[in-house]
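Following: one structure in structure tokens, then a few remarks.
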Number of protein chains: 2
Amino acid sequence: MLSLTCKTAIKAVIYLATKMETGEKAGIREIATFINASEHTVGKMLQTLVKEDVINSMKGPNGGFFITGKQKNQSLLKIIHAIDGTEIFQQCGLGLSKCSATHPCPIHDDYKIIRDGFKNMCQQKKISDLLEPVNDGLAYLMG
Amino acid sequence: MLSLTCKTAIKAVIYLATKMETGEKAGIREIATFINASEHTVGKMLQTLVKEDVINSMKGPNGGFFITGKQKNQSLLKIIHAIDGTEIFQQCGLGLSKCSATHPCPIHDDYKIIRDGFKNMCQQKKISDLLEPVNDGLAYLMG
DNA sequence: GATATAAAAGTATTTAAATACTTTTATTAC
DNA sequence: GTAATAAAAGTATTTAAATACTTTTATATC
């Protein structure tokens, strides 16, 4: 459902959030290493997140990417929309282009329940929620 | 989550099931047209479904693809496993290769609930269940 | 058994996502 | 203001899925 880049984005933002406490910025290479992803993919993806105001960046020496306290309260959905677009939770389970309640595919209602459940979960989970288990060593961003 | 080919496969099998009543076989072109998919993709995909005993085929004049009454009682999951493999409902929501209860990603538990719910739905739905609304003109395989 | 039909099988191309590379721009420190 | 640093931006390549094309095999009909 989510693209690989989107999953990478979520991990990168959580990583930035773990750095927030110390006020440190993180560079592309550092982030890519920590979440075990391609530097190039991470670089491009971070650019998008900056444009969409999910995170911030500074160029130059001591520059890098960082996140504010306000941004830490953003939901997972915000990241997903920034990377994979806003249509992602509308799509038909069988790929019909115009699937709807009045022109449903055979699994329309059942799939909608699952898809909406996933969307709700992503809407409720804030970056700050996901950060805690990582900080406590109870959850991981790689491996 | 499911590949495009897998969604095509599900629609193709439902279409074959609608033909079962009359005992007719359906050719690649007919199926592809009815579910609005590429003939080539459909051809290859049907070969896989035959190998995996999800459907049957006969070569030669009056040949084509067909499904038996027993096969009509197969679950969606059977089709999904045949096309996308059996690992598909094990995968981590953030793409970690070794995500587990003892080495979880930050959304492990929440994602597992969604993923297991989807799997259960696919396990419970039989081809025969999905066929009915299509036969009754209440659900569609294209559009 | 020759012919026609339709799937099976094998190979090639296209497409979109992911990854890689290069150049430009902004910022800091000296 | 020069040099160094790091992101931004633009372009190119790789990869895997999807799609397309070609040849072979099995079956039915005459």
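Just so you know, these numbers use all the heavy atoms, side chains as well, and skip hydrogens, waters and symmetry mates.
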Under 3.5 Å side-chain donor-acceptor pair for A/Ser3 and A/Asp84: yes
Rounded to whole Å, please give me the gap between CG in A/Leu46 and C1' in D/dA6. 12 Å
Nearest heavy-atom contact between B/Ile80 and B/Cys122 is CD1-SG, 3.6 Å
Integer-rounded Å distance: C/dA8 C1' and B/Asn56 CG: 15 Å
Value in whole Å for how far the C1' atom of C/dA17 lies from CE of A/Met45: 14 Å
Any idea which heavy atoms bring B/Gly85 and B/Ile88 closest together, and the distance? O-CG2, 3.7 Å
With the threshold set at under 4.0 Å for non-hydrogen atoms, list the residues of residues 1-16 of chain A touching DNA chain C in residue-number order. A/Ser3, A/Leu4, A/Thr5
Measure the OG-CG distance between B/Ser128 and B/Asn135 for me, rounded to the nearest 0.5 Å. 11.5 Å
Side-chain donor/acceptor of A/His103 to backbone N/O of B/Met142, under 3.5 Å: yes
For the NZ atom on A/Lys25, are there more than 12 heavy atoms of other groups (residues, nucleotides or ligands in this structure) within a distance under 6.0 Å? yes
Heavy-atom neighbours of A/Lys126 NZ exceed 12 at 6.0 Å: yes
Respond yes when some side-chain nitrogen or oxygen of B/Ser57 is under 4.0 Å from OP1 or OP2 of C/dA8, and no when none is. yes
Over 60° means perpendicular and under 30° means parallel, so classify the ring planes of B/Phe89 and B/Phe118, tilted if in between. perpendicular
Within 6.0 Å of CZ in B/Phe66, more than 12 heavy atoms from elsewhere: yes
Can you give the donor-acceptor pairs under 3.5 Å from side chains of residues 41-65 of chain B to other protein atoms, not counting sequence neighbours?
unit_1	atom_1	unit_2	atom_2	d
B/Thr41	OG1	B/Ser38	OG	3.3
B/Thr48	OG1	B/Lys44	O	3.4
B/Asn56	OD1	B/Gln71	NE2	3.1

Taking only N/O atoms, report every protein-nucleotides 24-27 of chain D pair under 3.5 Å with atom names and distance.
unit_1	atom_1	unit_2	atom_2	d
D/dT25	O2	B/Lys59	NZ	3.4
D/dA26	O4'	B/Lys59	NZ	3.2

Rounded to the nearest angstrom, tell me the gap between atom CD1 in A/Ile88 and atom C1' in C/dA17. 14 Å
Set of ring pair (Phe, Tyr, Trp, His ring centres under 6.0 Å) partners for A/His40, sequence neighbours left out: none
Please determine whether a side-chain nitrogen or oxygen atom of A/Asn62 lies at a distance below 4.0 Å from atom OP1 or OP2 of C/dA29. yes
Nucleotides 11-16 of chain C: which of its N/O atoms have a protein N/O under 3.5 Å away?
unit_1	atom_1	unit_2	atom_2	d
C/dT11	O4	B/Lys44	NZ	3.0

In numerical order, the residues of residues 22-43 of chain A whose heavy atoms come under 4.0 Å of DNA chain C are A/Ser38, A/His40, A/Thr41
Test applied, side-chain contact (heavy atoms from CB on, under 4.5 Å); reference residue, B/Ile107; option that passes from A/Leu76, A/Asp129, A/Ile14: A/Leu76
Testing the basics here: between A/Ile127 and A/Ala17, what is the closest heavy-atom pair and its distance to 0.1 Å? CG2-CB, 3.7 Å
